[in-house]
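Computed over heavy atoms, backbone and side chain alike; hydrogens, waters and symmetry mates excluded.
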Amino acid sequence: LTEEQDGRSPETYQLRLFIAGITTRSSRAVTNVKQVCEEHLPGRYQLLVIDLYQQPHLAREAQIVAVPTLVRDAPPPVRRIVGDMSDKERLLAGLDL
């Protein structure tokens with residue numbers, strides 16, 4: 001049964017993508033994450049893109065040591081994926097999809 005069939009509503013994924021400026025690597029990460037989310041989580045995700053050049057204090061708060069880093073805050077447990085998100089299988093595994 002899918003979550004819809006057994007009466008539970010599907011969980012919304014809360015995602016934060018930390019990038020550093022408008023670089024090719026950052027742009028690729030944003031594109032790849034959006035593509036996977038639209039394909040596998042249509043209408044069930046919230047993606048916040050955080051540019052650490054504009055908000056450097058958030059790197060410390062979230063303990064970000066490399067960028068791009070995707071943080072899945074919900075559903076628990078919190079998961080982190082580092083890189084440009086071009087390895088789709090690794091991205092799906094990191095998101096538990």
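Residues meeting the salt bridge (Lys or Arg N to Asp or Glu O under 4.0 Å) test with Arg79, sequence neighbours left out: Asp96. Under the salt bridge (Lys or Arg N to Asp or Glu O under 4.0 Å) criterion, Lys34 pairs with no residue at all, not counting sequence neighbours. Every residue two or more places apart in sequence or in another chain that forms a salt bridge (Lys or Arg N to Asp or Glu O under 4.0 Å) with Arg28 is listed here: Asp84. Annotation: salt bridge (Lys or Arg N to Asp or Glu O under 4.0 Å) contacts of Glu38 (sequence neighbours excluded): none.
A continuous path of Ile, Leu, Val, Met, Phe, Trp and Tyr side chains, each step under 4.5 Å between heavy atoms, connects Tyr45 with Leu91, placing both in one hydrophobic cluster. Cluster annotation: Met85 and Ile19 are assigned to the same hydrophobic cluster (Ile/Leu/Val/Met/Phe/Trp/Tyr, side-chain heavy-atom contacts under 4.5 Å, transitive). Linking ILVMFWY side-chain heavy atoms closer than 4.5 Å, directly or via other members, places Val78 and Leu15 in two distinct hydrophobic clusters.
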Run the side-chain donor-acceptor check on residues 47-63: report pairs under 3.5 Å with partners two or more places apart or on a different chain.
unit_1 : atom_1 : unit_2 : atom_2 : d
Asp51  : OD1    : Gly21  : N      : 2.9
Asp51  : OD1    : Tyr53  : N      : 2.9

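Residues Val36 and Lys88 are in side-chain contact: their nearest non-hydrogen atoms beyond the backbone lie under 4.5 Å apart. Between Val82 and Thr69 the shortest side-chain heavy-atom distance falls below 4.5 Å.
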Fill in: Verdict with reasoning, Leu70 to Leu17, per side chain to side chain contact (heavy atoms under 4.5 Å, CB included)
CA-CA 4 Å; Leu70 179 66; Leu17 179 59; 4.0 Å; yes

Worksheet item: Are Ile81 and Leu95 close enough, and set up right, to give a side chain to side chain contact (heavy atoms under 4.5 Å, CB included), and what steps lead you there?
Response: CA-CA 9 Å; Ile81 306 154; Leu95 291 172; 4.3 Å; yes

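Across every non-hydrogen atom of Gly83 and Ala29, the tightest pair is O-CB, 4.3 Å.
In this structure, CZ in Arg25 is found 8.0 Å from OG in Ser86, a value given to the nearest 0.5 Å.
Residue pairs meeting the side chain to side chain donor-acceptor pair (under 3.5 Å) criterion with at least one partner in residues 12-24, sequence neighbours excluded, are Gln14-Gln46, Arg16-Asp73, Thr23-Ser26.
With hydrogens and angles ignored, the 3.5 Å screen pairs a side-chain donor or acceptor of Arg72 with a backbone N or O of Pro77.
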